[in-house]
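One structure is given below, encoded as structure tokens.
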Amino acid sequence: MAIYSYQTEPLLDFSNQEVREKYEKGLQLVEGYLGKTYPLVINGERVTTKRQYTSVNPAKHQEVIGVIHQADLPEIEVALQSALSAFETWKKVKPSVRADVLFKAAAIIRKRKYEFSALMTKEAGKPWPEADADTAEAIDFLEYYGRQMLELVEMDKRILSRRNMERNEFRYIPLGVAAVIAPWNFPLAILAGMTSAAVVAGNTVLLKPAMTTQVIAYKFLEVLEEAGLPKGVVNFVPGKGSVIGEFMVAHPKVRFISFTGSKEVGQSIYESAAKVRPGQIWLKRVIAEMGGKDAIVVDNEADLELAAESIVKSAFGFSGQKCSACSRAIIHEEVYDEVVRLVIDKTDNLTVGNPTNFNNFMGPVNDQSAFDKISEYIEIGKKEGKLVSGGTGDDKEGWFIKPTVIIDLDHNSRLMQEEVFGPLLAISKVKSFEEALEVANNTEYGLTGAVISKNRAHLEMAREDFHVGNLYFNRKCTGAIVGYQPFGGFNMSGTDSKAGGPDYISLHMQGKTISEML
């Protein structure tokens with residue numbers, strides 16, 4: 001039972017004209033500091049380097065969001081030493097004080113909600129509702145993890161027993177220096193969650209944000225500083241993953257790695273972290289979330305309008321650039337034609353364009369590389385199945401791809417098996433609910449999934465046999481809520497670390513038992 005009350009941050013009501021006007025003002029505020037230059041932050045000091053990265057608006061290539069100095073190996077080594085030094089004092093700071101930093105940071109972001117959301121619209125290409133949800137989730141992580149830390153402290157007090165004149169105590173202690181390697185698709189929420197969980201547990205951090213969303217990360221670091229986080233506890237070290245990311249993962253003094261990103265990079269991190277190097281006196285811990293090939297199963301006993309709505313929103317929200325996005329719809333043959341018709345109708349009515357315009361449901365994909373890869377998969381899909389919606393893209397001004405639907409795919413086709421991080425939906429037909437679950441499980445991933453059905457026996461079957469970390473019934477498969485729907489998957493979707501769950505903080509700590517004769 002929770003001791004410390006927690007409530008999620010409410011989402012903005014964009015039907016309210018005043019809310020829309022405030023968001024417009026947020027965009028104007030962000031536009032006022034576009035193109036600025038940002039340094040590294042090591043031990044609280046601003047550090048410039050010889051290399052810079054230019055962050056651009058994915059909806060408008062020519063618009064520069066910011067120029068960010070990039071770390072190389074010498075800067076990472078200095079940052080690591082700073083984090084090691086800061087750890088010696090930060091680990092002894094009272095957990096309640098560490099939690100207060102998170103609560104203060106949440107309050108600051110809450111006051112600057114429109115600015116942070118507008119910045120994500122600009123730098124990450126997020127439509128207004130998606131950006132608002134990202135900001136709200138960042139606040140939720142800060143509030144929730146602060147309370148979870150306080151819960152652990154209370155548990156430490158309760159787990160104490162006497163046996164034969166001996167007092168036994170159990171407590172959690174911090175691990176050490178964390179390498180936090182954050183993604184671009186939730187550039188505030190996931191970055192804030194990964195960083196704050198490590199920090200509130202008493203660890204120090206080397207923070208490497210995703211290349212394309214570094215300004216958002218820098219602004220978050222400023223929030224932590226304003227909230228009172230001491231120097232060196234979080235060090236902002238953006239740079240190339242193939243250089244500084246690999247260096248951090250392999251360094252013998254880095255205690256654990258917190259990673260969200262692709263399966264390929266996650267596997268590489270896991271392999272490298274498992275290797276014990278000279279001077280290393282521990283087995284490194286890896287907390288990883290690595291994506292999915294998520295499916296919505298539609299039963300023959302289902303609300304077909306709900307099914308189509310759930311599929312389309314899950315597949316094309318934020319251009320399908322969520323690890324939880326529905327990339328496969330698996331539909332019973334008895335309702336297949338009707339659900340496909342509804343999906344096509346709803347997809348064709350989606351608006352695509354610059355997300356600074358509130359009326360656009362979908363914005364751009366992340367960058368040229370993403371645009372090219374998704375375009376290649378669309379061509380593969382045309383050969384494997386039947387294109388019924390979308391299928392075109394335009395990268396002249398921004399990286400825009402129309403929401404695309406390909407039907408009549410074989411269960412083992414590439415489009416039904418391989419992760420495509422973009423607005424591309426694969427649809428396949430099955431003859432029974434049992435077959436639908438077999439197809440749903442027929443990937444190397446196991447992150448999210450949904451079942452649309454009115455048949456209670458089938459829902460109960462899915463509870464047991466649909467092998468994903470987050471399973472939803474009669475709703476979309478995206479939008480996990482911090483504290484209520486702990487998020488993380490099985491198999492190649494990661495280490496099932498369950499971000500936003502009651503045991504997540506403990507993954508950033510280690511247990512210590514103390515016994516004293518009385």
Side-chain angles (χ1 to χ4, degrees), residues 39-43 47 49-55 68-84 86-87 175-187 190-191 194-195 197-198 203-214 217-218 221 232 234-291 323 366-367 369-370 373 419 421 492-495 497 507-508:
L40 313 182
V41 181
I42 299 175
N43 199 32
V47 177
T49 65
K50 294 180 180 179
R51 292 193 306 109
Q52 292 86 41
Y53 173 83
T54 300
S55 176
I68 309 95
H69 285 268
Q70 301 296 284
D72 212 328
L73 299 188
E75 290 81 25
I76 289 294
E77 187 61 49
V78 173
L80 177 59
Q81 295 306 318
S82 298
L84 286 168
F87 177 65
L175 289 171
V177 175
V180 171
I181 303 173
W184 53 263
N185 63 332
F186 286 85
I190 294 181
L191 177 133
M194 296 166 74
T195 304
N203 305 291
T204 54
V205 171
L206 301 176
L207 175 58
K208 196 203 89 60
M211 289 296 289
T212 57
T213 52
Q214 296 181 28
Y218 183 88
L221 183 75
V234 175
N235 300 273
F236 177 70
V237 283
K240 290 185 67 174
S242 59
V243 178
I244 66 169
E246 291 182 8
F247 180 79
M248 290 192 297
V249 170
H251 201 288
K253 295 300 182 183
V254 169
R255 181 62 178 83
F256 69 101
I257 300 96
S258 184
F259 168 77
T260 299
S262 71
K263 180 195 72 174
E264 290 74 20
V265 175
Q267 287 177 331
S268 175
I269 287 172
Y270 206 74
E271 181 179 6
S272 178
K275 189 174 183 179
V276 178
R277 292 172 170 84
Q280 183 176 325
I281 61 171
W282 46 60
L283 299 176
K284 292 185 183 182
R285 188 173 296 180
V286 176
I287 303 167
E289 194 273 285
M290 303 189 301
C323 50
N366 184 53
D367 57 13
S369 175
K373 184 175 182 180
E419 184 178 31
F421 220 61
M492 285 301 163
S493 287
T495 56
S497 49
L507 298 176
H508 301 72

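- By the 4.5 Å heavy-atom criterion applied to side chains, Val41 and Tyr218 are counted as neighbours.
- The shortest side-chain heavy-atom distance between Val237 and Ile42 falls under the 4.5 Å cut-off.
- For the side-chain contact (heavy atoms from CB on, under 4.5 Å) test, residues two or more places apart in sequence or in another chain that qualify with Phe421 are Trp184, Asn185, Gln321, Cys323, Glu419.
- Here the straight-line distance linking atom CD1 of Ile190 with atom OG1 of Thr260 works out to 5.0 Å at 0.5 Å rounding.
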Practice item. For Lys253 and Leu84, run side chain to side chain contact (heavy atoms under 4.5 Å, CB included): C-alpha distance rounded to whole Å, both residues' side-chain angles, the deciding distance at 0.1 Å, then the answer. Key: CA-CA 8 Å; Lys253 295 300 182 183; Leu84 286 168; 4.0 Å; yes

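- Distance OG1/Thr195 to CG/Asn203: 11.5 Å, rounded to 0.5 Å.
- One distance of note links OH of Tyr270 with CE of Met492; it measures 9.5 Å at 0.5 Å rounding.
- Residues Lys275 and Gln280 approach most closely at O-OE1, 3.7 Å, considering heavy atoms.
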Point to revise | CA sep, side-chain torsions, deciding dist, call: Asp367, Thr212, side chain to side chain donor-acceptor pair (under 3.5 Å) | key: CA-CA 8 Å; Asp367 57 13; Thr212 57; 5.6 Å; no

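- The shortest distance between side-chain heavy atoms of Val234 and Val180 does not fall below 4.5 Å.
- The ring pair (Phe, Tyr, Trp, His ring centres under 6.0 Å) test applied to His508 returns Phe256, Tyr504, not counting sequence neighbours.
- How far CD1 of Ile76 is from CD of Glu246: 12.5 Å, rounded to the nearest 0.5 Å.
- Contact between Pro238 and His69 at its shortest, heavy atoms only, is CG-O, 3.4 Å.
- Remark: side-chain polar atoms of Ser493 are paired, donor with acceptor, to backbone N or O of Gly291 under 3.5 angstrom.
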Practice item. Give the C-alpha distance, both sets of side-chain angles, the deciding distance and a yes or no for side chain to side chain contact (heavy atoms under 4.5 Å, CB included) between Tyr53 and Lys240. Key: CA-CA 10 Å; Tyr53 173 83; Lys240 290 185 67 174; over 6 Å; no

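- Residues Phe259 and Thr495 have side chains not in contact (no heavy-atom distance under 4.5 Å, counting atoms from C-beta outward).
- Between the CZ atom in Phe247 and the CG atom in Leu80 there is a gap of 7.0 Å [rounded to 0.5 Å].
- Formation of a donor-acceptor pair under 3.5 Å by the Glu77 side chain with backbone atoms of Pro74 is not found in this model.
- Remark: the backbone N or O of Ala179 is not paired with any side-chain donor or acceptor of Arg255 at under 3.5 angstrom.
- Rounded to the nearest 0.5 angstrom, Glu289 CD and Ser258 OG are separated by 10.5 Å.
- The shortest non-hydrogen separation linking Ala210 to Gln214 is O-CG, 3.3 Å.
- Thr49 places a side-chain N or O within 3.5 Å of a backbone atom of Gln70 that can act as its donor or acceptor partner.
- The two residues Val254 and Ile257 have their closest heavy-atom pair at CG1-CG1, 4.5 Å.
- Between Pro209 and Leu191, the closest heavy-atom pair is CB-CD1, 4.1 Å.
- In this structure, Gly279 and Pro252 approach most closely via the heavy-atom pair C-CB, 3.9 Å.
- More than 12 heavy atoms of other residues, nucleotides or ligands lie within 6.0 Å of CD in Glu264, so this atom counts as buried by the packing criterion.
- Of the residues listed (Arg277, Lys284, Gln267), the one engaging Ser272 in a side-chain hydrogen bond (donor to acceptor under 3.5 Å, both in side chains) is Arg277, and it is the only one.
- Between the side chains of Ser82 and Asn235, no donor-acceptor pair of N or O atoms lies under 3.5 Å.
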Practice item. Starting from the C-alpha separation in whole Å, work towards a yes-or-no answer on side chain to side chain contact (heavy atoms under 4.5 Å, CB included) for Asn43 and Val78. Key: CA-CA 9 Å; Asn43 199 32; Val78 173; over 6 Å; no

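- Applying the side-chain contact (heavy atoms from CB on, under 4.5 Å) rule to Lys208 yields the partners Ile181, Ile244, Met248; only residues at least two apart in sequence or on another chain are considered.
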